[in-house]
Amino acid sequence: MNIRVAKTAGFCYGVNRAVGLVEKAIRDGKKTVTLGPIAHNRHLVRHFETLGVREVHSVDEIPDGTTVVIRSHGIPKAMYDALKQKNIEIIDATCPSVKRIHSLVSAAEQQGRQPVIIGTPTHPEIIAIAGWCEHPLVFSDAEKLEKWFSESPDRQNIPITMVSQTTSTQFLWDSCKKIVKKVCTNYEIFDTICKATENRQFEAAQLAASCDAMIVVGDRNSSNTERLAHICLQHCANVVLVDCADELDISAYGQNSDIGITAGASTPAWIIKEVNQTMSEITNVDVVEESFEEMLENSIKTLNTGDKVFGTVTAIGSTEVQVDLGTKHAGYIPYDEVSADPNVKPEDVLKVGDEIEVFVVRVNDQEGTVQLSRKKLEGMKVWDVVEKACEEKTPVEGVITEENKGGVVANVKGVRVFIPASQTGIAKGGDLSALKGQTVKMKITEFNRARRRVVGSIRALSSEARKAAIEKVWSAIEVGKKYTGTVKSLTSYGAFVDIGGVDGMVHISELSWGRIKTPDEVVKVGDTIEVFVIKFDAEKRKISLGYKTPEMNPWNQFCAKYSVGDVANVKIVKIVDFGAFAEILPGVDGLIHISQVADHRVEKVSDVLSEGQEVEAKIIDVDNDRKRISLSIRALLEPAAEEEAEAPAEEAAAEEAAEESAE
């Protein structure tokens, strides 16, 4: 036989808290009564009777000087007000989830809205909720709600505020929500079903579907216990509801059966253990016994604001996450305290059953609640990380969020870090707002947790990085080595290029193979260019760089593209007495002698050609040693034999003059 007990079986945190408050009153020696049964379980009530706790059913039955405990179901407002008129001590053990519903319906009516309550009208919890407003409407099923709307068309315009019994089924609640959203024109809907109940029912269904038999433990007067049995029957044919271990019939189960055990929210742990132990008698399973008093003792722990504690996520509601801390308190984390990231949804980072560490924000012993924060604890851990970074001088990363007087502010995982203007790396008088939104690395230079003051420096980190980069460059530099650099500035005599933390200079003569007047004819500040080392002086920390390469040499480009006899489209760039200079390629000019300008004698070159004019010319001679090119327009106009005739004697003299002029 394999026996499996549901993790969610037994006391919910509301009942657990109420039982703990009664037990504490007993320990404190108070004469205690409960207004109605503390929970729907006769064994629990009888246990407290043996300890001197009496059950009363009306305010008039409570003697003066007594301590009265309000059960977890809560009571109507009129009864609560009557209690306050008596000479008694009141311990309000109303489940925090139920108490929230009291506030919702009360506030709704004050705002002129109609409270609508979904649940069993005769259930103590519903009676109490209805008692916190003057004119409540209670519906036990969706059909009755729909009928109420259909009886009068005017009801569709009534402002509705709808809540649910905490132990209602999700199916009933969803059905009612669907009707209200379809019919009503003005509604508020609050999902007040206890997620612990929903999780208990879901686990019971899963367990029943995988077992041969199910045992549901609980009082037959408990509505949530009856619902559990009904849910189990939908998934398993063999389901029994027992009040305690004495009602078990062990012979009804085979040796090879898979048995599942679950229990209602009002079932004490010791009864569940007795059932488990009884079922285990026909197996070799050892069951660890623990008295009810010991279990209560373990549940009563002191919590203080500022504590760091561990708890288990029991439910993720619409506005908060419920956490079981193993104490009498009901722990909850408001949605805005789940994470420092406002875009994070609780269900994305948490799930039911997760064990998490949280920070205690506020303890309310009167209501039995504890406000918790996961965000604050994360923040504290981040402060530890930032403090360590300051001590060890390690860099951190943050996002610049704002500019203020004297500098900028960065967010480092939720910690506010001030960066003085002088430490931003921006030049004095520069635009600090340009940093906003950027992710930057920095060093923490000052840390004071008590004053919550943290100061950082981008410049300190960039300065160290620059020093390391400089040393890296100088340790590996050599003549001819190529670098990809960034043009940092221009002067009349050249350009300064950053090759990785070190600036080298490209002289104007090394920028282009052609004649240029200023460096900006070739490069601009911010350009990324390929350069190479011509020479360097490590002692003086000076580097001369080259930009023009043999591949960029216009003459080499000309030789690769043209040969004697080719025809080129050229541009007249200068006219002289003996001819015209024409640009073949940028940086490469050829001479069209006056005798080669036309197919007839020309007195003045300017009569035939003009600067800027584009013409076709034939390459008739190339002098590689002197890098001289002779062009001819005439060769394209006369017969081939005549084109090959030697130039007149004065052409040679003209070329000599052209050479001197070019130089």
Is there side-chain contact between [X] and [Y], with at least one heavy-atom pair below 4.5 Å?
| X | Y | answer |
| --- | --- | --- |
| Leu372 | Val361 | no |
| Val45 | Arg42 | no |
| Lys177 | Asp191 | yes |
| Ser210 | Arg4 | yes |
| Phe48 | Val19 | yes |
| Met162 | Phe190 | no |

Minimum heavy-atom separation for [X] and [Y], please, with both atom names.
| X | Y | answer |
| --- | --- | --- |
| Gly218 | Leu241 | O-CD2, 3.5 Å |
| Ile117 | Pro136 | CD1-CB, 4.0 Å |
| Pro159 | Gly112 | CG-O, 3.7 Å |
| Ala263 | Arg200 | O-NH1, 3.3 Å |
| Thr169 | Ile193 | O-CD1, 3.7 Å |

Expected output: side-chain [X] to main-chain [Y] donor-acceptor under 3.5 Å:
| X | Y | answer |
| --- | --- | --- |
| Asp219 | Asn221 | yes |
| Lys375 | Asp336 | yes |
| Asp174 | Phe171 | no |
| Asn186 | Asn157 | no |
| Glu146 | Ile179 | no |
| Thr50 | His47 | yes |
| Glu397 | Thr439 | no |
| Gln165 | Thr120 | yes |

Could you measure the distance from the [atom1] atom of [X] to the [atom2] atom of [Y]? Nearest 0.5 Å is fine.
| X | Y | atom1 | atom2 | answer |
| --- | --- | --- | --- | --- |
| Ile91 | Ile70 | CD1 | CD1 | 10.0 Å |
| Lys308 | Phe310 | NZ | CZ | 10.0 Å |
| Ser433 | Ile400 | OG | CD1 | 12.0 Å |
| Ile271 | His43 | CD1 | NE2 | 4.5 Å |
| Arg113 | Tyr187 | CZ | OH | 11.0 Å |
| Asp141 | Leu172 | CG | CG | 7.5 Å |

*How are the rings of His73 and His40 set to each other: parallel, tilted or perpendicular (split at 30° and 60°)?*
tilted
Within the supplied structure, the quantity of interest is the number of heavy atoms (other residues, nucleotides, ligands) at a distance under 6.0 Å from [X] [atom1]; does it exceed 12?
| X | atom1 | value |
| --- | --- | --- |
| His230 | NE2 | no |
| Glu134 | CD | no |
| Glu89 | CD | yes |
| Phe202 | CZ | no |

*What residues, two or more places apart in sequence or in another chain, satisfy side-chain hydrogen bond (donor to acceptor under 3.5 Å, both in side chains) together with Glu247?*
Arg220
Below 4.0 angstrom, N of the basic side chain to O of the carboxylate: do [X] and [Y] qualify?
| X | Y | result |
| --- | --- | --- |
| Lys147 | Glu143 | no |
| Glu402 | Arg416 | yes |
| Lys77 | Asp81 | yes |

*asked:* For Glu125 and Thr166: C-alpha separation, side-chain torsions, deciding distance, then whether side chain to side chain donor-acceptor pair (under 3.5 Å) applies.
replied: CA-CA 8 Å; Glu125 180 187 317; Thr166 58; 2.7 Å; yes
_Can you list everything that forms a side chain to side chain contact (heavy atoms under 4.5 Å, CB included) with Ile127? Sequence neighbours excluded, please._
Pro76
_Intermediate values then yes/no, side chain to side chain contact (heavy atoms under 4.5 Å, CB included), Lys86 and Thr66_ = CA-CA 10 Å; Lys86 295 182 69 69; Thr66 304; over 6 Å; no
*Out of Thr94, Leu83, Asp92, which residue meets the side-chain contact (heavy atoms from CB on, under 4.5 Å) rule with Ile75?*
Leu83
